[in-house]
Amino acid sequence: MEYEYREILLLTGLEEITKKELQRFKYFVMDEFKISRSQLEETTNRTELADLLIQSAGPALAVTKTIHLFQKLNYMHAAKCLQEQKKKVESQSMTNRKKKETQQVEKRSQAESCSGASATSRGESSKKNSAPEVHPQAKPQKQQTVAEQEAIREGLQKDPLAVLVLKTTNPFKCETEEDIFHVTVATATAFFFVKVLYAPFKDKFTPRRTIKISNYLWHFNFLEVTSSSIVVDADTDLKVCVPNNLRQKAGRTPTIKMLKTQPCGTIVNGIFKVQKITEKQKDRVLYGVEDKTGEMDVLVLGNQDKIKCETGDKLRLVFFEVSEDGEKTQLKSGPYSFFKVIKSPKPKTEQKEKFTLKSTHLNNTSLKDSNTAS
DNA sequence: GGCGCGCGCGCC
DNA sequence: GGCGCGCGCGCC
């Protein structure tokens, strides 16, 4: 429980806000948490700040106070997200407790269908991967209850998970100045995005290799590997077979229509076509993107003076998350997101067209050019 | 029975 | 990895 609070405070709470917002937040922290300025100034990153808040108020109260401050500062989205996660943690611990009680009465509890397809497949995968050869202490004979599966899913996982590496990004410096990279891995039944906060692991995450990961963190919808995780090559006889359709699904850009049905916080990787640049400020840019199924906004936070993007270009997004802007679903960058503009190639045919247009309809063309330039 | 949606597959 | 086709399922 304490761990979950720590986790949501850091992941949903403090990382949901921008650097600037964090500075303002810190200012109000002194009062709300009764923390001295000098103590506060000693914290150099969000993790240390989260620890300090928890030290001062205890995990549950730290989350409540943070929500309160977010509301006060009008960070309504962050406040809402944190509140939701807090409720989730609370109701989860309630159901876990209830499940344990009923379990004793009714031993033969069938694992009912979990909510959401990915959740189901995750449940299956954790069952598959708790096969005797991977961690012998598991009891495969007994079917796991939903509560037990949940317990496996959230938080620190010590037992090794065997996965096939599908795809990796190159290491890059994220907003918190750490060198990190992202990976897509799969088991026989599900694929997962992995945030690796320790660049030296890059050698281990080689595509097409089967590896075993332990001491990693299970978040709501992704894995987190840190320097204290263990990543090793799987034994040569252990091969994770990933069906082709799953591989394709793992690499495919989700449709906008589908994304609009996903809950806040869902991690998204993909390539999206820019339809318009809605809003451009010093520390944030709002892009309108489209595909066959619809349109949505992509909010990229942070300084983007150097980013040159125009209508028709594509955005490669890694580790963005589904978020809400009022009623509308949008994608939003987080501190660990990767963002790149793929310039649309100026096709020769277009140049040819321009040439023919110029030679035939000079007046029209000059008009057209001035339109596109503005 | 028709239609639409979602998924899988194969080609580029 | 995108795109387009085709199949199958479910709803009306």
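So you know, we letter chains A, B, ... as the sequences are listed, proteins then strands, and number each from 1.
- Between the CD1 atom of A:I342 and the P atom of C:dG2 there is a distance of 9 Å, given to the nearest Å.
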With the criterion being N/O to N/O and under 3.5 Å, what pairs connect the protein with nucleotides 10-12 of chain B, and how long is each?
none

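- Listed pair A:T253 / C:dG2 meets the phosphate criterion, a side-chain N or O lying under 4.0 Å from OP1 or OP2.
- For the side chain to side chain donor-acceptor pair (under 3.5 Å) test with A:E32, the passing option among A:K65, A:H68, A:K72 is A:H68; the others fail.
- Between the side chain of A:R209 and the main chain of A:D233, no donor-acceptor pair closer than 3.5 Å is present.
- Spacing between atom CE of A:M258 and atom C1' of B:dG8 amounts to 15 Å, rounded to whole angstrom units.
- Between A:K195 and A:E178, none of the side-chain N atoms (NZ, or NE/NH1/NH2) sits under 4.0 Å from a carboxylate O, so this pair counts as no salt bridge.
- The distance from atom NZ of A:K292 to atom C1' of B:dC5 is 13 Å, rounded to the nearest whole Å.
- Here ring-ring contact (aromatic ring centres under 6.0 Å, His included) pairs that include residues 285-321 of chain A, with residues two or more places apart or in two chains, are A:H182-A:F319, A:F222-A:F319, A:Y287-A:F339.
- Electrostatic pairing of A:K26 and A:E41 does not count as a salt bridge here, judged by no charged N lying under 4.0 Å from a carboxylate O.
- Distance, A:L315 CG to C:dG2 P: 13 Å, rounded to whole Å.
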Under the ring-ring contact (aromatic ring centres under 6.0 Å, His included) rule, what do A:F191 and A:F193 come out as? Steps first, then yes or no, please. CA-CA 7 Å; A:F191 71 86; A:F193 296 138; 5.8 Å; yes
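- Across the protein-nucleic acid pair, A:N245 atom CG and C:dG1 atom P stand 15 Å apart, rounded to whole Å.
- Panel note: side chain A:S56, backbone A:L52; no donor-acceptor pair is recorded below 3.5 Å.
- Residue A:L259 contributes atom CG, which lies 13 Å from atom P of B:dG6 at whole-angstrom precision.
- In this structure, CZ of A:F191 is placed 11 Å from P of B:dC7, rounded to the nearest angstrom.
- Counting any heavy atom pair closer than 4.0 Å across all strands shown, A:K273 reaches no nucleic acid atom.
- Using a 4.0 Å heavy-atom criterion, one finds that A:K314 contacts no nucleic acid atom at all.
- A:K249 places its NZ atom 18 Å from the C1' atom of C:dC3, with the value rounded to the nearest Å.
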